[in-house]
Amino acid sequence: MSISIIFRNRIAMAIGGASVYCGLSLAPAQAITTPGVVTGTAMAFPSCLSYQVEGVCFFLRCKLVACWIETSIKISHYNPDVVVSTYNDPLRHPWVDIGNIVSKTMSTAGSSILGKVLDSSGGGLETSSAFTNYKSADAIGNPAGMLANMVAGGNAIMPSSLPIPGIKELSKFPSQELPEIGRQWVSVPQEIANTVASDAKKTLQAPMELLSSVQTILKSVQGIGQIIEVAETVQEISSGVEAFQKAASIVGVGGGSMFFCPGGASLAVHYQSDLDSPFWRGYIPVEMLYPQSWIPGLGEVGNGFTQTWGPTYPRSGEVIQTHPVKASAVLSERVASIIYKSAQPHIYTKVEPSSSGYKYFSNQTFKWQMLHPKVESGCVNFGSNDAIALTTFGDGKTDSGDGYSWNLWKKYICCKKKGIFLFSVP
């Protein structure tokens, strides 16, 4: 049965769902708005961009009976692709306009998939002894990432509705990712694999029950369709264009021989944990198949056994962390590790560039900029070791509503295509 959810004038109604949200405004104090996301991104543009010339790409071009070599500059820089938010209650999403609409919509969709009403996530902010944090999370395309194309003289077309994740990537999991997980276990010492992770190995050897659960979820998601209309908010985004044009003059790029690698930013919902509730909430524990979920030191946010952050795996909404800002950071890293890869066992839309005129070089490097509760003008890398420091990451930045938004700046390395790619130097 198809469920269509249409939002107009910021009033959300779930057709055929169990609950209706109507214009309730319980957003946290000082919550960020879409124009605020755009201007906040522009403010960090000079320090987070990190534009560099990396080398030269060589291409082969042929015409009729003649062939020749052409070159183009190889560059790298960071692009603000998505805004990742973590929160406890859909009605208190830190991104008050778009994020609030998305979280309420997907809460209803997630309830339809599981066949029961989803409760709000329980945070660990209430008491100093609360070690376990559980939060919802989402990744929504940063409209500023599209506006960044204007800095290079391009155009940005803003949609009036937000596409939401489907089953494309999840459907690839049995044939692509599951064999890769098996190959990862080959490098794990046999005694470890036979003790702490014996159940995971058994499941990999006989995965039919697990795959049956995944197939059930695929069918459930296919029966849901959503349209989230944000035309009013999109009109407000135009206020950020001038800010980006000013940012271009500050960093000295825009037009001429300088260019950007078009990033994967699009005004779309790339991930929403309530829609992904069978996996994010652990009802189907596919994440426990990964060796990183069992072996300390693999897939950590930070390096070494003294790091004070947390593990990237299993990529669920629960994290053992006493500091709420660090808990949000770890969960944000988990979301990032999902949306930039193919065939992951989650319901999401992969973030990837759509331009065919560029040769991209693979990398998985990110930087983060806090947008809520405080808009910062620079980027940081999560995972710094502060075990013996007097202060820790996030001190003075906690939010009373336990909601946080981060701008994810993804590094891109590319050159403009001039024919058939041969090689690059370096």
**Asked** Picking from Ser76, Cys57, Cys261, what satisfies side-chain contact (heavy atoms from CB on, under 4.5 Å) with Phe361?
**Response** Cys57

Can you list every pair that meets salt bridge (charged side-chain N to carboxylate O under 4.0 Å, His left out) and has a residue in [range], with sequence neighbours left out?
range            : value
residues 347-356 : Lys350-Glu352
residues 317-344 : Lys326-Asp386
residues 365-379 : Glu376-Lys397

With a 3.5 Å distance limit and no angle check, can you tell me whether [X] reaches the backbone of [Y] through a side-chain donor-acceptor pair?
X      : Y      : answer
Tyr412 : Ile75  : no
Ser72  : Lys416 : yes
Thr312 : Gly299 : yes
Gln321 : Trp309 : yes
Gln369 : Gly378 : no
Ser107 : Lys104 : no
Thr398 : Gly394 : no

Partners meeting side-chain contact (heavy atoms from CB on, under 4.5 Å) with [X] (sequence neighbours left out):
X      : value
Lys168 : Lys172
Thr349 : Pro165, His270
Met43  : Val375, Ser377
Tyr283 : Leu114, Lys116, Arg281

Would you indicate whether the side-chain heavy atoms of [Y] and [X] approach each other to under 4.5 Å?
X      : Y      : result
Ile32  : Pro94  : no
Asn142 : Val82  : no
Met288 : Trp294 : yes
Gln292 : Pro311 : no

**Prompt:** Mind checking what makes salt bridge (charged side-chain N to carboxylate O under 4.0 Å, His left out) contact with Glu287, not counting sequence neighbours?
**Reply:**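 Result, salt bridge (charged side-chain N to carboxylate O under 4.0 Å, His left out) vs Glu287: Arg315.
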
**Request:** Might you work through the ring pair (Phe, Tyr, Trp, His ring centres under 6.0 Å) test for Tyr340 and Phe366, ending with a clear yes or no?
**Result:** CA-CA 11 Å; Tyr340 282 95; Phe366 312 112; 5.2 Å; yes

**Asked** When the ring planes of Trp409 and Phe45 are compared, do they come out parallel, tilted or perpendicular, using 30° and 60° as the limits?
**Response**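 Rings of Trp409 and Phe45: tilted, 30 to 60°.
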
**Prompt:** Between Tyr404 and Trp406, how do the two ring planes meet: parallel, tilted or perpendicular, split at 30° and 60°?
**Reply:**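 Ring orientation, 0 to 90° scale: parallel.
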
Can you tell me how far the [atom1] atom of [X] sits from the [atom2] atom of [Y], to the nearest 0.5 Å?
X      : Y      : atom1 : atom2 : answer
Met370 : Ser328 : CE    : OG    : 7.0 Å
Leu408 : Ile339 : CG    : CD1   : 6.0 Å
Ile69  : Ile420 : CD1   : CD1   : 10.0 Å
Lys411 : Asp81  : NZ    : CG    : 14.5 Å
Asp138 : Ser273 : CG    : OG    : 7.0 Å
Glu169 : His346 : CD    : NE2   : 12.0 Å

**Leu422 CG: over 12 foreign heavy atoms closer than 6.0 Å** = yes

Partner set under side-chain hydrogen bond (donor to acceptor under 3.5 Å, both in side chains) for [X], not counting sequence neighbours:
X      : answer
Tyr271 : Asp276
Asn363 : Thr365
Trp280 : none

**Message:** Show, in sequence, the C-alpha distance, side-chain angles and deciding distance for Ile140 and Gln272, and conclude whether the side-chain contact (heavy atoms from CB on, under 4.5 Å) test is met.
**Reply:** CA-CA 8 Å; Ile140 303 172; Gln272 212 289 325; over 6 Å; no

**Request:** List the steps, then state whether ring pair (Phe, Tyr, Trp, His ring centres under 6.0 Å) holds for Phe393 with Phe382.
**Result:** CA-CA 9 Å; Phe393 179 87; Phe382 296 153; 5.8 Å; yes

**Asked** Can Asp402 and Lys135 be counted as an ion pair, charged N to O under 4.0 angstrom?
**Response** yes

**Prompt:** Which pairs pass disulfide bond (SG atoms under 2.5 Å apart) with one or both residues in residues 62-98, sequence neighbours excluded?
**Reply:**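 Matches after skipping sequence neighbours: Cys62-Cys67.
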
**Message:** Under 3.5 Å, is there a donor on one side chain and an acceptor on the other for Thr34 and Trp95?
**Reply:** yes

